[in-house]
Structure formats: C-alpha cells, structure tokens
Amino acid sequence: MVERNSVTRKNNLGTDLSSVLTPKLVCFLECSRKKEALEKMIDCLCANSEIRNRNELAEGIFHREELMSTGIGMGVAVPHVRLASIKKPVMCAAVCRNPITDYESLDGAPVRLIFMIVAGKDQHAQYLRLLSSISSKLKNEKLRNALISASDAETFCQILSGKDK
Amino acid sequence: MENVNFTIMFILGFSILGGLMGASFFQKLRIPQVLGYIVIGLIIGESGLRIINRSDVIALQPLTFFALGIIGFLVGGGLKGENFKKYGRQFSAILLGEGLGAFFLVGILVALIMFKLSHNISIAVATGVVFGAIASATDPASTIDVLWEYRALGILTTSLTAIVALDDALAMTLYGLGTSAAQILTGGSGSILEAIEKVALTLLGAVGLGAISALALKFILQKVHQPERSLAFAVGLLLLLISMAISLDIDVILTTMTLGCVLTNIVPRQSEKLFNHMRNFSTPIYVLFFVLAGARMGISRMPIWLWVIVILYVIGRSTGKMTGAYLGASITHSAPVVRRYLGLGLFAQGGVAIGLSIMASHHLGKIMVTENLALGDAIISGVAATTLIVQLIGPPTVKLAIKLSGEIGRNITKEDVINSWKVADVMDTDIVTIPENEPLSRAAQTFVNQDYLVYPVVNRHNKIVGILSLQNLKDILDDRDSWNWLVASDVMTPVQYRVVPSSPLKEVLEQCNQLHIDQIPVVKESDGDAPVGILDVAKVEQLVDKETLRRQQP
C-alpha cells in the first residue's frame, strides 16, 4: 500500500542529527568483529533509549545485514531497521578503536565508524532522510577522521553537528 | 402505549411487505414492478378484500403527498438544462401534441356520449372539457419507476422524462381553463380571465417556491458534506415545501419538480449524490404510495353509460397521446425512436388525474347528469376506473417503448460497474516482484523496464513483505550514491493491508479511501502472504470509466 501525499510530508522533516543522537548513545568499541560490535550497539540503544524489546531490534538489524551488508564504504557502516514499536527515530554511533575487518563493506575497507539507525514503520520518509543525511555527511574525509579521533562522546556529537569550532 | 395507533402501523407494514411481494411476483413474469404494487393495493383495498378502507387511505394521505413530493423532486433531477437547450423545441411540440391530442379526442368523445345521455349541450361540453383536461396528464411516478427499474438511458428516455414531468403543468392549465369554461357553460359564476389568472398564479407559485427552496438546498449542500446529513436536510426541506404547497393550494409535484430541476442545474455534481441517496431512501415510501393508490380505487356501482365513457376515454386518450406525440415529433424532426415509440410511454395516469377529478367534483358537484348521479361523482368514479385501466396498461407499454428503442439496461453508473466487479477483475496480475535484498540501483531498473508504478517486494520464500512504488524512490532521488547500499526492503512501504482476488471491489475501494492508500497488494486466497497482483486505485478508476461507457452503448 502506498500512502498518499508522502511527498508533502517529506518537505516538513528536519534532519537535525543532534535530536536523534545524544552523547549517551555514542560508544567506543574495542572489539574487531562485526557481530560483537553490533551486539554492543544494540545493548547501548536498549539501555539509553525508549527501545525495550532487544530481541526485536537484534532480529531486525541482523536480518538486514543478511540481505546485504550496510558497510557503505570509506570505513563507514550504517546498519538500520524499521520497527513497529518505535515512536520516533533514534541513532547510536560507535567509534571502532580496532577496525572491523569482517563487515563486507562495498569497497572492502575495514569499518571504523558505525551509525545504527532505528525508526518506526510509519516514519518512512524521516528514516530515509536520516540515512541519506549520514551518508552524505560522511563523504567528507576530514569529518570522518575527526570523528574517529574524538576523545569522548560529547566531542563526537559536537563534531558531527558541526559545533566543535 | 394505549395511544399508539396500531392499525396504521399494521397497514404500513402490510402494504409495504405485500407490495414488495407483489412486485417480485410480477417481476418474475417480466411485468413492471409498479403494477405489482397497484394490484396488491387493489386486492387489499376498496375494490377487493377491504383490509385497507377509505378512512385508512385518508389517514395516510400525508405519506401520499410525501411520496408525490419525492417523485417530483427526483423527476426534476432528471431535467437537465442542456437537454432543454438541445431538445426544447421538440419537447414543446410533443408536449402540446400529446396533451392537446388527448384533450380534444377525449373531450369530443365524452361530450358526444353526454349529449346523447342528457340532451343538454352545456353539460355535455362541460363534462367533455373536464375529462379532456384530466386525460392530458401523464403519471410521472409509474412511468419513471419503469424507466428506473429497467435502467433505461437514451433520447427516448430523456424525452419521456421531460414530457411526463411537464404535462402536469399543461393538464393543470387545461383543467383550470376547462372547469371555468364548464362552470360558465352550466350557468355558474366566474370568467375565463379569472381562470387564466388563477392558473398563472398557481403555476408561478409552484415554480417560485421550488426555485427558492433549490437555492436553500444548494446552500445546505455546500456546507454539509456528509451524505447522510445532506439527505436528512433535503428530506426536511422537502417536507416543508410540500406542506407549503398544500396550504397554498399549489401542485405538489410541480413545486418539488422545480426544486429538483433547479438544483440539478445549479449544482449538478453535489446534487447527483443527493438524488441517488434520495432514490434509495424512497423505496418503501414509493411502494406504499402505489399500494395506497390501488387500494383507494373504488369502481363498484358504476352505471353502464359511465363504463362506456371509461372505455371511450381510454381509447381516445391513448389514440390522442400516440397521434399527438407522433405529430409533434415528426414536425420537429425528432429522432426516429422518439417519433415511433414515445406515445407508447404516455399511457399511465395517476395522482394528478385523481387529484384533478376530486377538485372537479368540488367545482361541478351540484350539476346533475342523470336523476340520481351528480357530474362530480361521475367524474370521480370515471377517472378512478380509467386510472385503474391505464395503470394496468401504462407500465407495460412504457417497458415496450424502451425495449423497442433499445434503451433498456443502458443507464449504467460507475457504482453499478464497481458493484459488479471483484478485485480479480481489475488487479494487475502479470506484475513482477522485487526481492527484498535487491539493491535499489537494480530495483529502480525494474521501473524503467516495466510499465507499472508499484511492485510487490517479497522475501526469499516469495512471501510479500511490502510494496515499492515510484513515490518511495522519489524520497531518495537526490541521493543516488545510497542506491548502491540501500536495498528494496529499506525503502519499501511495509505491507499492512492486503486483499484477495475474490474481495468485492466496492469494499476494497472504500477501504483504500478510508486508509488513504493508492495501491494494495493482492494475495492468494489460500496463502495470505503469496502475492498474485496489485490493485492500483488510479488504474481501477480508469477501467471503471471505460467499462461504464462501454455498457452504456447500445
């Protein structure tokens, strides 16, 4: 089923990353395996957001990875899922201190930054805008390097939202 | 509870149920249903078992007027300005031809009989004029009922609707002038000028009241958008209008017909739905109207000479209407079907004729035609008997006219088409599916290579999980890089609703409308997840339009 007037709704959406990513949802990972990294981020989301159903989230994230890897290249991965129980989009970010080599990214490069995005089933356009916004921002190599070098979660958020200068 | 009149309730229920049963029996015999209502009325009324007597009919008179008002309103709704612009000259000529044809032929025949009987030229002419005027009216109710029952559409149907609607006005004019002439001839008071003034005032009053009410109803329709509320407002207004017409002694049918006619021409789109709702709402009232019409036809104790008048009246009226309609149509070069068959559709006689005969009995009641029969009583009994005969002949001949002209079954609406279809009749079945893990760059190619705007997205077990539309792709059109790492399941609309091929199309379209969705997946009856097609509302609308036009063709 395709809802009418979704175009008009899209134009009213904001893509302010600071509204979906707070320092609590930024983690620094020491692991070097994809599964372990994703599990830790799922735990972080369940602990620091409205998400309560860990199984549903894990199932969705890993099912999506089965369809095709979310490693978009340039050392960045964007695992994402839409869940019926989510009321507003939420994001978790991870800096991998050890590059993840088994992520099967598009360009084969190890992953250093992961952005996990979770949205509601009915937040279709908002969800796509968020995905698109992250991938567009991270095409900037300087920004990627700055994020990888961030010392703490607050700094990470400031860099991502461009408030670090 | 002791004050509740159970008899009236019983009569209402008994009449409606009996009428409907009579109608379905007649329909099985391929005879118009309206005849079934009238025959049941005859059986249970004055001329039959007398379950319904005269006092019951009088008690239910407000309902009869209500039915006449609805009939007038709906008939008026069929009078489109564009038809009058196009066929106005033809309608006028046919109207005058059939009306005056019946008037003169019946008038002369009745006057001759009356002269032979009374040897009084004044009484003979007076009786002839009154019977002639009454003969010129055609009953719109039963005629229109047959046209609706057989879903007639075409030039003959349009002409018939216009003529039966308008000849009431002609009948009233002839009657008004005729009774005045009759009163003058029989030595009463009054003048022709007074009569003309009275007729003009009555006609103008009806048109004025109807037109003002139409403006009020237009205002209501523009403010109220729920169909149920619009119908309630319209019924309320109609009842007020009918009561005003009765209290001012103005013809109810003509007044409400003006309301319908003005409304359909000033707000054609908004009023179309209202007319449909009114038609559906009015069925039991209609049934009751015709059953009561049959029930009150008392024709016992009529002298032989009056039966002779009745037979000559029926022959003269039918011949006059057929000949007059043929001449009017020929002079104005009307379509061959109108020329040949219109006269056949004008035999029915009903409320207006009976109403005029009652009025005539008041005007001419004291004139004695024989030693123990007053002219007024002779007119009432005579018109009742002729009404009975022509109501039995009229509806079948209307059916014959539309059958011969090939106009039966052509009044097909979009709703009829939608009601006749299931989802299987309109869904796209040769549609390809898109796997949920297909990268968008490849999924987008499907839109380029295929003709559809939506595709079902399936998982590896070929179970439907969503729908991918062009609209979904538009949401990320400005980020083409993401097309390499996004897959179909990322951008699809998850499937929440689905239908099966055997679902009635009407229900599915209503569901789509309520949920604001334009496409809905169709799944196997046996497996609710296996896609077999897609129902695209915009495409369905195109198909419905096309099929409606196709079915309307001869």
Side-chain angles (χ1 to χ4, degrees), chain A residues 1-13 15 60-61 63-74 76-86 103-107 109 111 115 117-139, chain B residues 435-443 453-457 459-460 464-499 508 511-522 534-538:
Chain A
M1 304 94 359
V2 180
E3 281 187 38
R4 289 167 200 161
N5 304 325
S6 55
V7 178
T8 49
R9 214 178 306 151
K10 174 183 132 179
N11 296 336
N12 298 328
L13 291 172
T15 49
I61 288 289
H63 173 70
R64 174 59 184 84
E65 293 302 321
E66 269 177 39
L67 297 179
M68 188 184 179
S69 170
T70 55
I72 66 173
M74 303 170 293
V76 178
V78 192
H80 52 271
V81 68
R82 277 182 288 174
L83 300 176
S85 57
I86 298 299
Y103 212 102
E104 298 173 314
S105 297
L106 281 178
D107 58 0
V111 166
F115 294 85
I117 296 169
V118 188
K121 286 263 188 206
D122 54 349
Q123 293 154 355
H124 180 74
Q126 214 167 342
Y127 165 72
L128 290 177
R129 295 277 286 181
L130 204 52
L131 284 172
S132 179
S133 169
I134 282 288
S135 75
S136 302
K137 259 185 183 279
L138 296 175
K139 280 175 193 162
Chain B
E436 63 174 334
N437 62 349
E438 185 138 292
L440 272 195
S441 50
R442 216 181 306 152
L453 299 175
V454 283
Y455 296 89
V457 178
N459 63 18
R460 61 185 163 176
I464 190 159
V465 287
I467 279 190
L468 191 63
S469 71
L470 213 50
Q471 183 64 51
N472 295 136
L473 295 184
K474 272 173 74 180
D475 288 334
I476 46 156
L477 207 57
D478 55 350
D479 185 20
R480 294 291 292 268
D481 286 345
S482 65
W483 288 30
N484 294 318
W485 54 269
L486 285 176
V487 293
S489 81
D490 294 332
V491 293
M492 72 182 190
T493 307
V495 68
Q496 284 172 290
Y497 309 100
R498 61 199 82 192
V499 292
V508 174
Q511 192 186 1
C512 288
N513 196 32
Q514 278 166 7
L515 300 168
H516 300 289
I517 51 179
D518 289 333
Q519 286 94 18
I520 194 159
V522 187
I534 288 267
L535 188 89
D536 184 345
V537 175

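Chain letters run A, B, ... following the sequence lines, proteins first and then strands; every chain starts at 1. Because the structure is a prediction, the values reported are computed rather than measured.
- Residue B:N459: no heavy atom, backbone or side chain, is found under 4.5 Å from chain A.
- Counting heavy-atom pairs closer than 4.5 Å to chain B, the top residue among A:S69, A:S132, A:S105 is A:S132.
- Residue B:D536: no heavy atom, backbone or side chain, is found under 4.5 Å from chain A.
- Interface check for chain A: of the options B:N484, B:I534, B:L535, the most heavy-atom pairs under 4.5 Å are formed by B:N484.
- Heavy atoms of A:S136 lying under 4.5 Å from chain B belong exclusively to its side chain.
- Interface residue B:L486: backbone and side-chain heavy atoms are both found under 4.5 Å from chain A.
- Taking chain B as the reference chain and counting heavy-atom pairs below 4.5 Å, the highest number among A:H80, A:K121, A:K139, A:E66 is found for A:H80.
- Atom CD of B:Q511 sits in a crowded spot, with more than 12 heavy atoms from other residues, nucleotides or ligands closer than 6.0 Å.
- Checked for salt-bridge contact, A:R82 and B:D490 miss the test: no charged N lies under 4.0 Å from a carboxylate O.
- Once rounded to the nearest 0.5 Å, the distance linking OG of B:S482 with CG of A:L131 reads 8.0 Å.
- Using a 4.5 Å heavy-atom threshold, the side chains of A:L67 and B:E438 count as separate.
- Taking each heavy atom of A:V78 and B:W485 in turn, the nearest pair found is CB-CZ3, 4.4 Å.
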Exercise. Decide side-chain contact (heavy atoms from CB on, under 4.5 Å) for A:R64 and B:E436; before the verdict, give the C-alpha distance in whole Å, the side-chain angles of both, and the deciding distance to 0.1 Å.
Key: CA-CA 10 Å; A:R64 174 59 184 84; B:E436 63 174 334; over 6 Å; no

